[in-house]
There are 2 protein chains.
Amino acid sequence: MGSLEEAIKQKEFKDPYNKLVVNLLYTHSYLVTAQNNILKPFDLSPEQYNVLRILRGQNGVPTTVSSIQDRMLNKMSNASRLVDKLKAKELLERRECPSDRRQVDILITEKGLQILNDLQVHMEGFNTQVINLSEEEVIIMNDLLDKLRG
Amino acid sequence: MGSLEEAIKQKEFKDPYNKLVVNLLYTHSYLVTAQNNILKPFDLSPEQYNVLRILRGQNGVPTTVSSIQDRMLNKMSNASRLVDKLKAKELLERRECPSDRRQVDILITEKGLQILNDLQVHMEGFNTQVINLSEEEVIIMNDLLDKLRG
DNA sequence: CCCTATTACGTGTATATACAATTAATATCA
DNA sequence: TGATATTAATTGTATATACACGTAATAGGG
């Protein structure tokens, strides 16, 4: 499972750039699959988990749907529908914003904070387990990824 | 748009490992969005494009649905339904396999090869444009990604 | 040869992505 | 002020992911 070539049964790539695109797509799938395995018992998708963490980061200050959208990892996602799902599970509250009735104030509930808390034990070692790199290598990779996107 | 922190409005991360997970998820979204912009005029999704390239790599030798599945970047994808979509567009053919009637032989059509050929001009510069790194950095990153997955 | 296990493929359902369109509220400015 | 533009959020539709299940064909062992 180590090399990319083996994992997707491809003998060689046109050039290193081509391999890197494929490598990033494949590694993403590897990561999300691992994340899913942890989140599944909690009945959360990775994106729902992401939204909950954004809300927790507000420390009690309400935020809007569009603000959540801006902070999401996938800008093409749909915060409105994700908020709906999380509200159905009572992990967040929606309140009409008094100063601008187009907006909706979103707040994480106690139940939402609790589920994040329960997850923390499982997430604690996740990052270092799923990423088989030294801290130095991780820092190099972060810098390269930031540069990659220009 | 450079730094991850700015892109997702997050001040800091718990540790470099945590940042790397988020960085990979965010960079994936950046890549796929760029890929989509090229593929959209050709009415192909990134996964459909991936399946077509796998078929072209066969050089005329038929392959099966499960073999396509094995080579896909996302192992949890559904090759059966993707093959259906591509057949509807007449970009591939399905033939009952004579030696094993459970299997289906899949072959890319002339039309499928033509669409890949038309795409090549647009994909030519894509990799180097979307990846703002030197070739040395790209090679380092490929090695780190291969190591990351263990 | 038959029974059982396995394999290949397809289907069903829930969730999410991608993108266009709609609606309601607010902002802008002649 | 009143017409127009902009913004916030929702909705609709097509595609894809994640995973369970179903069916038909083949393999393998008694």
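Residue numbers start from 1 in every chain, and the chains themselves are labelled A, B, ... in the order their sequence lines are given, proteins ahead of strands.
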Length of the line joining B:Q48:CD and D:dT17:C1', which is rounded to integer Å: 14 Å
I want to verify a distance call: between D:dG12, C:dA8, D:dC19, whose nearest atom is closest to the B:Q103 side chain? C:dA8
Integer-rounded Å distance: C:dT26 P and A:E96 CD: 9 Å
Of the nucleotides D:dA9, C:dC9, C:dG12, which has the atom closest to the A:S66 side chain? D:dA9
For A:K40 and D:dT17, give me the distance from atom NZ to atom C1', rounded to whole Å. 13 Å
Nearest-0.5 Å distance, NZ of residue A:K19 to CG of residue A:L4: 5.5 Å
Starting from C1' on C:dC9, measure out to CD1 on B:I106 and report it in whole angstrom. 10 Å
Is any side-chain heavy atom of B:M141 closer than 4.5 Å to a side-chain heavy atom of B:I131? no
Hey, can you tell me if B:F42 and B:H122 have their rings parallel, tilted or perpendicular (30° and 60° cut-offs)? perpendicular
To the nearest angstrom, how far is A:R81 atom CZ from D:dA14 atom P? 13 Å
Separation of C:dT17 P from A:K75 NZ (nearest whole Å): 12 Å
Shortest side-chain distance from A:V65, nucleotide among D:dT15, D:dT17, D:dA9: D:dA9
Starting at atom NZ of B:K85, determine the distance to atom P of C:dT11, rounded to an integer number of angstrom. 12 Å
OP1 or OP2 of C:dT15 versus the side-chain N and O atoms of A:N36: is any pair under 4.0 Å? no
Would you tabulate the nitrogen or oxygen pairs shorter than 3.5 Å linking the protein to nucleotides 22-26 of chain D?
from: D:dA25; atom 1: N3; to: B:R102; atom 2: NH1; distance (Å): 3.4
from: D:dT26; atom 1: OP1; to: B:R101; atom 2: N; distance (Å): 3.0

What's the CG-P distance between A:L82 and D:dT10, to the nearest Å? 11 Å
B:L82 to B:S77 - nearest heavy-atom pair and separation: CD1-OG, 3.7 Å
By nearest nucleotide on DNA chain C, pick out whichever of B:T64 and B:N37 is the more 5' one. B:T64
For the side chain of B:S77, starting at C-beta, report the closest nucleotide among C:dC9, C:dA18, D:dT17. D:dT17
Answer yes or no: is there a donor N or O on one side and an acceptor on the other, between the side chain of B:T64 and the main chain of B:V104, under 3.5 Å? no
On DNA chain D, more 5' by nearest nucleotide between B:N74 and A:D84 is A:D84
State the CG-NZ distance between A:L92 and A:K85, to the nearest 0.5 angstrom. 12.5 Å
Give a yes-or-no answer on whether the side chains of A:R149 and B:N23 include a donor-acceptor pair shorter than 3.5 Å. yes
If you assign B:P46 and A:N78 each to the DNA chain D nucleotide with the nearest heavy atom, which residue ends up on the more 5' nucleotide? A:N78
Given that A:K89 and A:M76 both sit by DNA chain C, which one's nearest nucleotide is further toward the 5' end? A:K89
